[in-house]
Amino acid sequence: MAHAGNLPPDVNEFVGRRSDLDGITTRLAEARLLTLTGSAGVGKSRLALRAAAERRQFCPDGAWLVSLDAVAHPRSLASSLCQVLRARYWSWANPLEALLDHVRDRNLLLVLDNCEHLAEACAELLGTVMSRARGLRVLATSREPLQATGEQILPVEPLPIYLPKGRTPAGPDELAPAVDLFIRHAQRATRGFELNATNLPVIERICQRLDGIPLAVEQAAYRLRELTVDQVLDHLPDRLTLLRFDEPATPTYHRSLRESLDWSFRLCSEAEQILWMRCGVFAGPFTLDAAEQVCVGGEIGADAIMDLIGGLVSKSVLVREERDGQLRFRMLESVRCYGAARLDERADQAGVRFRHAEWCLKLAERGGREWFGPAQLDWIRRLREELPEFRAALRHCIRPSTSVQNAAGLFVACRMLGSLATPWIHDGRAAELQQWLVEVLSQIEDPPARQRLLALTVLAAASAGDPETALELSAEMREIGDGADEFSRAHLAFCAAGAEMCNGRWQPTIDHLTECARLLQQLPLALTTPMLAHVHLGIGTCLLHLGDPVGAEHHARLSIQRCRENQDRTIQACSLSLLGQSLFQQAKMAEAVTHLHDALRLRRALPDPLTTVMVVEVLAGVASAGGEHKLAAVLLGASHYLWDERAGTGLRVGLVAGGRQQVVDRTKAALGETSYALAVEEGRRLSLSEAIDYCLRGDNRRYETSPVAGG
């Protein structure tokens, strides 16, 4: 059946938009003006055209597409609509009156595509026309709302990159929409392209890096004419050059990602453009407060920032998101890259990046101060959320290729790493911390500053499982001197103890920690409590390795007491793990398991990677000693995976006492090779939270009759 109108045939498959389409057609049955909004390339036009095609059966006078991208001036708007709708008028007549005469008694659907540069004119014209043409419905696409009377807004989101949680693709016909779109266009770009287990993760990564934006995904697939999927992924840092179509028929604003974003950029006011560029310095979502601290200056005053952010949200440059009661703003990665590239061309870019680094430093310093205390879980979440910002700031401050890199930048980086050291180590980021510190060390010659950095690097290397480096740097650290004051000397002794501990030198570790405690006793308690809690934890661990579980229990309880007085959960959980080990070695099985489970419960909502892996390993020994061989094997598998994944391997030597191999041998002998391997594999598949749940699902009473202690 032929339909009136001028809608083009849909030459491309329609991927992953069924629910959006149903929402549009439902809304169009009620609303007379519906505007699809969203960022560049998100698929507004294609979605509008498909919705119009499905809706036109209800429009006797047809569905009509008016593409406004070539309409440069508001005065041309009415005449352009007349031309498309075939409304006749003489050259000297008023095109608006001709348009009104044409649509007044008709029942039709009008698709106004790409309205953003004429938003105000569209709103004014539609207000006039729709008040007189009751049978007219309008479906508009725009990067910002038209602000027209009676307008309803429907934001268009990027395509999903992954299937809903818990679902895995049953085959090539069941893929996440963004991946499906990439594959369809890849098969057009190059003959013989096939999806397989090797390229699927790479394609998912490409789609993730492109935020599931259909235009960018299609352009990335198009580049498979010259590149492999791995090469496309490798070239994404230069996406503004990489992502483009070469066909002449492609509309200008869709020909390349850069041109599409250029179009959006030109729609912004000068102040909005400057804010867009400055917001490009953020690596992830940011708050209004962060924008005020980083982006204000020069052309942008503090009193203007809120309205400018609102303008960028309305233009789909910024995305507003509210989570846990906090409002944040984010950019899609391609939009951010465009802003950052534009920022690099400006003379003030170094100042913006330095303000960003200073903002990160203030956050890190406050987090470092308040991490040991009642707000610890909040700070763990916040420091994890801001991890991309810290990394971006460190890159700009440390690496010589950036203009921020200078003495002030290195100073900021040193202080930032010092504040983040303890939180990052406990969050399983010791190896990353070590890498950053090594980069800074290569550029620092001042002896006192170098000594402070060496101490932190020793601690990071010890925690990351690099004992030789820890000892080597510890020796260099001590050659520089004894430290400027009691706290500095205490910290040097503490870090030297870390180097000794990760090398299994228990008595030298105790000697360093004892000296550290002596120095700390001369200082205010508030300044020393976190380190003293660690000192007792370290001494107790060494005593456990030296065969003194009673002494280890004593120091574990001292550490727990200090932690509870300050409402700390993380170090307390480590100390509870030590207490559980010491009780286990005294054959107090049920009591040991109680404390080990308490350690897991302390951070169950926000698991501590290091505590979890320590407790899981100890519980494997307890289960094996008590004859729970299947449980022991599963936990051995889980602990092995967690240690490998969490970059805390250096702590295994110090913080877990007992022979893992003995537990492995005993469990394997009891279960047999096949059953043991299956149980270990089951454990390897457990996530951090799942491992905790697995440990806590049993009843402590099953350990009460366990006759064997030790591990």
**Request:** Please check if the side chain of Asp548 supplies one atom and the backbone of Leu543 the other of a donor-acceptor pair under 3.5 Å.
**Result:** no

**Asked** Got a donor-acceptor contact below 3.5 angstrom from the Gln451 side chain to the Gly481 backbone?
**Response** yes

**Asked** Considering only heavy atoms from C-beta outward, does the side chain of Leu433 approach that of Leu420 to under 4.5 Å?
**Response** no

**Fill in**
NE2 (His555) and CG (Leu513) are apart, to the nearest 0.5 Å, by 10.0 Å

**Message:** Other residues, nucleotides and ligands only: do more than 12 of their heavy atoms fall within 6.0 Å of CZ on Arg384?
**Reply:** yes

**Prompt:** What heavy-atom pair brings Cys495 and Ala455 nearest, and what distance separates the two atoms?
**Reply:** SG-O, 3.2 Å

**Message:** Is it the case that the side chain of Glu389 and the backbone of Ala283 share a donor-acceptor pair, with hydrogens and angles ignored and the cut-off at 3.5 Å?
**Reply:** yes

**Request:** With side-chain contact (heavy atoms from CB on, under 4.5 Å) as the test, would you mind laying out the steps for Leu363 and Phe390 before giving the verdict?
**Result:** CA-CA 9 Å; Leu363 185 66; Phe390 294 131; 3.8 Å; yes

**Fill in**
On a heavy-atom basis, the closest approach of Ala357 and Cys397 is CB-SG, 3.5 Å

**Message:** Taking the basic N atoms (NZ, or NE/NH1/NH2) and the acidic carboxylate oxygens, is any pair closer than 4.0 Å for Glu515 and Arg518?
**Reply:** yes

**Asked** Taking all atoms of both residues into account, what is the closest heavy-atom pair of Gln585 and Pro549, and its distance?
**Response** CB-CB, 4.1 Å

**Asked** Hey, does Leu523 have a side-chain heavy atom less than 4.5 Å from the side chain of Leu520?
**Response** yes

**Note: Asp598-Arg601 ion pair, threshold 4.0 Å (strictly below)** = yes

**Message:** Working to the nearest 0.5 angstrom, can you tell me the gap between Ile692 CD1 and Asp608 CG?
**Reply:** 8.5 Å

**Prompt:** Would you say the side-chain atoms of Gln561 and Glu565 include a donor-acceptor pair closer than 3.5 Å?
**Reply:** yes

**Item:** Closest approach of Ala573 to Ala599 (non-hydrogen atoms, all atoms of both residues)
**Value:** O-CB, 3.5 Å

**Item:** Cys414 and Arg452, any side-chain heavy atoms less than 4.5 Å apart
**Value:** no

**Message:** Is there a side-chain contact between Phe487 and Gln522 in this structure, where contact means two heavy atoms from C-beta onward sitting under 4.5 Å apart?
**Reply:** no

**Asked** Do the non-hydrogen side-chain atoms of Thr469 and Val438 ever get within less than 4.5 Å of each other?
**Response** no

**Message:** Apply side-chain contact (heavy atoms from CB on, under 4.5 Å) to residues Arg569 and Leu606 and explain how you reach the verdict.
**Reply:** CA-CA 11 Å; Arg569 291 170 177 258; Leu606 195 64; over 6 Å; no

**Item:** Basic-acidic side-chain contact under 4.0 Å: Arg450, Glu476
**Value:** yes

**Which atom of His512 lies closest to which atom of Ala493, heavy atoms considered** = CB-O, 3.4 Å

**Item:** Exam field: side chain His554 to backbone Val550, donor-acceptor pair closer than 3.5 Å
**Value:** no

**Request:** Please report the C-alpha distance between Glu439 and Leu417 in whole Å, then the side-chain angles of each, then the deciding distance to 0.1 Å, and finally whether the side-chain contact (heavy atoms from CB on, under 4.5 Å) criterion is met.
**Result:** CA-CA 12 Å; Glu439 279 199 69; Leu417 290 169; over 6 Å; no

**Asked** Would a 4.5 Å heavy-atom cut-off, applied to side chains only, mark Arg562 and Asp568 as touching?
**Response** no

**Message:** Just verifying a value: how many Å separate Cys360 SG and Glu386 CD, rounded to the nearest 0.5 Å?
**Reply:** 7.5 Å

**Request:** Provide the closest heavy-atom pair for Ala393 versus Met416 in the form atom of the first, atom of the second, distance.
**Result:** CB-CE, 4.0 Å

**Prompt:** Got a sec: does the CD of Glu370 have more than 12 other heavy atoms crowding it under 6.0 Å?
**Reply:** yes

**Message:** Under the rule for side chain to side chain donor-acceptor pair (under 3.5 Å), what residues qualify as partners of Arg604, not counting sequence neighbours?
**Reply:** Asp693

**Item:** Worked check of side-chain contact (heavy atoms from CB on, under 4.5 Å) between Arg415 and Ser419
**Value:** CA-CA 6 Å; Arg415 288 172 57 190; Ser419 296; 5.6 Å; no

**Message:** Please check: side-chain N/O of Gln586 versus main-chain N/O of Ser582, any donor-acceptor pairing under 3.5 Å?
**Reply:** yes

**Request:** Using the salt bridge (charged side-chain N to carboxylate O under 4.0 Å, His left out) rule, take Glu365 and Lys362 through it: C-alpha gap first, then chi angles, then the decisive distance, then the call.
**Result:** CA-CA 5 Å; Glu365 289 185 328; Lys362 291 176 184 176; over 6 Å; no

**Asked** Mind checking what makes side-chain contact (heavy atoms from CB on, under 4.5 Å) contact with Ile161, not counting sequence neighbours?
**Response** Ala178, Cys207, Gln208

**Message:** What's the separation between atom CG in Leu578 and atom CD1 in Ile560, rounded to the nearest 0.5 Å?
**Reply:** 7.5 Å

**Heavy atoms of other groups near Glu673 CD, more than 12 under 6.0 Å** = no

**Request:** Check step by step if side-chain hydrogen bond (donor to acceptor under 3.5 Å, both in side chains) holds for Ser639 and Glu617.
**Result:** CA-CA 6 Å; Ser639 70; Glu617 184 133 313; 3.1 Å; yes

**Prompt:** Using the ring of each side chain (for Trp, its six-membered ring), is Phe286 parallel, tilted or perpendicular to Phe329, with breaks at 30° and 60°?
**Reply:** tilted

**Asked** Would you say the side chain of Ile571 lies within less than 4.5 Å of the side chain of His426, judging by non-hydrogen atoms?
**Response** yes

**Request:** Using only heavy-atom distances, determine whether the side chains of Thr514 and Asp511 contain a donor-acceptor pair under 3.5 Å.
**Result:** no

**Item:** Value rounded to 0.5 Å, distance of OG in Ser559 from CD in Gln572
**Value:** 8.5 Å

**Message:** Given Arg603, which partner from the list Thr570, Thr611, Thr612 fulfils the side chain to side chain donor-acceptor pair (under 3.5 Å) test?
**Reply:** Thr570

**Any donor-acceptor N/O pair, Ser575 side chain to Ala556 backbone, under 3.5 Å** = no

**Asked** Is it true that atom CG of Asp485 has more than 12 heavy atoms of other residues, nucleotides or ligands lying nearer than 6.0 Å?
**Response** yes

**Request:** Measure the shortest side-chain to side-chain distance between Thr509 and Thr541 over non-hydrogen atoms and say whether it is less than 4.5 angstrom.
**Result:** no

**Asked** Can you tell me if Gln376 uses its side chain to pair, donor with acceptor, with the backbone of Trp371 under 3.5 Å?
**Response** yes

**Message:** Check the orientation of Trp359 and His356. Use parallel for under 30°, tilted for 30 to 60°, and perpendicular for over 60°.
**Reply:** tilted

**Prompt:** Roughly how far apart are Leu459 CG and Gln434 CD, rounded to 0.5 Å?
**Reply:** 11.0 Å

**Asked** Among Thr528, Val535, Ile539, which one satisfies side chain to side chain contact (heavy atoms under 4.5 Å, CB included) with Cys516?
**Response** Val535

**Message:** Please determine whether salt bridge (charged side-chain N to carboxylate O under 4.0 Å, His left out) holds for the pair Glu385 and Arg381, giving the CA-CA distance in whole Å, both sets of side-chain angles, and the decisive distance to 0.1 Å.
**Reply:** CA-CA 6 Å; Glu385 287 176 352; Arg381 290 190 186 93; over 6 Å; no

